[in-house]
Amino acid sequence: MLDLKFVRENPELIREALRKRRAQFDLDELLELDEKRRALLVQADDLRALRNRVSDEIARMKKEKKDISGVVKEMKEVSEKIKGLEGELSVVEERIRELMLSLPNVPHESVPEGEDEEDNVVVRTWGEPREFSFEPRDHVEIGEKLGILDFERAAKIAGARFVLFRGAGALLERALINFMLDLHTREHGYEEYLPPFMANRDSFIGTGQLPKFEEDLFRVADTDFYLVPTAEVPVTNIVRGEILREEDLPLKMTAYTPCFRKEAGSYGRDVRGMIRQHQFDKVELVKITTPETSWEELESLTRDAEEVLKRLGLPYRVVTLCTGDLGFSAAKTYDIEVWLPSQGRYREISSCSNFTDFQARRAMIRYRPEGTKKVRYCHTLNGSGLAVGRTVVAILENYQQEDGSVIIPEALRPYMGGVERIAG
RNA sequence: GGAGAGAUGGCCGAGUCUGGCUGAAGGCAACCGCCUGCUAAGCGGUUGAACGGGUAAAACCGUUCCGAGGGUUCGAAUCCCUCUCUCUCCGCCA
């Protein structure tokens, strides 16, 4: 959520931001309602001030045994008037809130303008895609041949867009989770959490998934719970409604969770294999920082995520999302894309964003700068570090051998009980 | 699932029966002074948030906030209703 006062005072800046994002939003309605709200507020406040004054007066008169019936009658009318104004006010405020919750964040000035992912800008590239002496297979073929991925039975159990890991496949998934968590906690200074995998509505509003993106979420029937689509939701909301101490910032948190997504509107996209699943594992990185440090923290967070790929020896590149591709809550996002030989291109495996104070304002995450009384909103950031399922895909495809076996990257072997190769 | 207790400021904790100068006693913590070889102790002071008005910016003024939402009343932390959460005991259970 943006600051309404800021919107009021900088309407052209907001209009420009919306244009760059290619976003639809009725800014004029918001500005009109805001004006109406303030007019109503002044009226109501004045009447309440009157009532408060006279109420004190009544208390005094009562003590002095004076007749109060006249004033009481008058105040009864004032109270009725206040009630009427409050009714009008709550209608206006509810609509303002609706609008504010669906107004996207302002892109950072360094974000390139563009329509869609075609206009994203490559920042850097690491590693060389391997030259194959044979036609590289995709992860579905590799995994099924090795008996470690089973899509057919997963479909029987649950349906499309699920996978069943088996044997070395299950071990590989688990090893990656542990490897990533260890790297981030032991070397990158993050604290590990293991949060609930379901969260309530307020949490989802806090990080911006609700109310706008309900159709992407699984809701648990007859409850107020939604399955988390990313650990960003439960982890960022750990400090929802809190005023933090500056000396405790930045908070650096990491968590493994499964992620549940409906993938509504992606019918026909990535239908094969485990690129796009209703359930996948992810290790997430979350930072809560001061406004002064958030941009450098975005850089280091991205590097922390990249480090996973470096250690695994997987070629990747980093792109800056253009304004048209930028997520609703983000001010700037780097996607990390890993090389997939079967597709001959880079595919997203991590998304690292600075949300500035957008989520913090929704979730009321604030801090008190040292030596001052005024509280300020924190900046929140997060990034995948990494999407585990897609990492499995990348390992299977990049490390496949002509005989169908797969070499395990060295860094991962301690987590695999020393296994160096998965063979059929 | 059954029975009971509770939810007040950064924290602890009064106030609720008996509605009104209580943004909220007292304590702790933090900050600023003083004192002091240093530290501790001691003394004095300061310290909530949101919104609106106001200002160059402050100061300042008003309103709202005692888990959430309704109601009663001239007036609600205090009375009534609904909900949420926490704790204790019983039952069931991984």
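In what follows, chains are A, B, ... by sequence order, proteins preceding strands, each numbered from 1.
Taking A:Phe162 as the reference, A:His278 meet the ring pair (Phe, Tyr, Trp, His ring centres under 6.0 Å) condition, with sequence neighbours excluded. Partners of A:Glu35 according to the side-chain hydrogen bond (donor to acceptor under 3.5 Å, both in side chains) rule, which considers only residues two or more places apart in sequence or in another chain, do not exist here. Listed by chain and number, the residues in a side-chain hydrogen bond (donor to acceptor under 3.5 Å, both in side chains) with A:Glu192 amount to none (sequence neighbours excluded).
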Could you list the donor-acceptor pairs under 3.5 angstrom formed by side chains in residues 324-333 of chain A, with sequence neighbours left out?
{"residue": "A:Asp325", "atom": "OD2", "partner": "A:Asn120", "partner atom": "ND2", "Å": "3.0"}
{"residue": "A:Lys332", "atom": "NZ", "partner": "A:Ser110", "partner atom": "OG", "Å": "2.8"}
{"residue": "A:Lys332", "atom": "NZ", "partner": "A:Tyr334", "partner atom": "OH", "Å": "3.3"}
{"residue": "A:Thr333", "atom": "OG1", "partner": "A:Ser353", "partner atom": "OG", "Å": "2.8"}

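Atom CD1 in A:Ile243 sits roughly 16 Å away from atom P in B:U47 (whole-Å rounding). Put simply, CD1 on A:Ile96 is 12 Å from C1' on B:C51, counting in whole angstrom units. The CG-C1' distance, from A:Leu40 to B:G53, rounds to 15 Å in whole Å. Put simply, CZ on A:Arg376 is 14 Å from P on B:A49, counting in whole angstrom units. A:Asp202 has its CG atom 12 Å from the P atom of B:C85, to the nearest Å. Look at OH on A:Tyr367: it is 18 Å from C1' on B:A30, rounded to the nearest Å. Summarising the geometry, the separation between CG on A:Leu244 and P on B:C11 is reported as 12 Å, rounded to the nearest angstrom. Summarising the geometry, the separation between CG on A:Asp248 and C1' on B:A30 is reported as 13 Å, rounded to the nearest angstrom.
On the C1' atoms, B:C79 is 12 Å away from B:U18, given to the nearest whole Å. Across the C1' atoms, B:A7 and B:U78 are found 15 Å apart, a figure rounded to whole Å. Separating the C1' atom of B:G91 from that of B:A77 is a span of 37 Å, rounded to the nearest Å. Distance check on atom C1': B:A49 versus B:A24 gives 14 Å, rounded to whole Å. Separating the P atom of B:G23 from that of B:U39 is a span of 40 Å, rounded to the nearest Å. Taking the P atom of each, B:G62 and B:G67 are spaced 25 Å apart, rounded to whole Å. Of the C1' atoms belonging to B:G6 and B:U16, the separation is 13 Å, rounded to the nearest Å. B:G52 and B:G26 have their C1' atoms separated by 34 Å, given to the nearest Å.
Toward the 5′ end of RNA chain B lies the nearest nucleotide of A:Arg60, the other residue of the pair A:Lys5 and A:Arg60 mapping further downstream.
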Step by step, work out the salt bridge (charged side-chain N to carboxylate O under 4.0 Å, His left out) result for A:Glu32 and A:Arg95.
-> CA-CA 11 Å; A:Glu32 274 167 37; A:Arg95 180 62 188 149; over 6 Å; no

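Look at A:Glu292 and A:Arg376 and you find a salt bridge, because one of the NZ, NE, NH1 or NH2 atoms lies within 4.0 Å of a carboxylate O, short of that distance. Salt-bridge annotation for A:Arg311 and A:Glu307: present, with a side-chain N of the basic residue lying under 4.0 Å from a carboxylate O of the acidic one. Ion pairing between A:Lys36 and A:Glu93 fails under the 4.0 Å rule for side-chain N and carboxylate O. Using a 4.0 Å cut-off between charged nitrogen and carboxylate oxygen, A:Asp56 and A:Arg60 do not count as a salt-bridge pair.
The ring of A:Phe218 has its center no closer than 6.0 angstrom to the ring center of A:Phe260.
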Under a cut-off of 3.5 Å for both distances of each Watson-Crick or G-U pair, what dot-bracket string does RNA chain B give, using [ ] for crossing pairs and | for inter-strand pairs?
-> ((((((((.[[[..)....(.....]]]((((((.......))))))((((((......)))))).[[[[[..)....]]]]])))))))....

What string of B, S and - do you get for nucleotides 55-81 of chain B, 5' to 3', when a contact is any protein heavy atom under 4.0 Å?
-> -------BSS-------S-BS------

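For the OP1/OP2 pair of B:C51 and a distance below 4.0 Å, the side-chain nitrogens and oxygens of A:Arg97 include no atom meeting the criterion.
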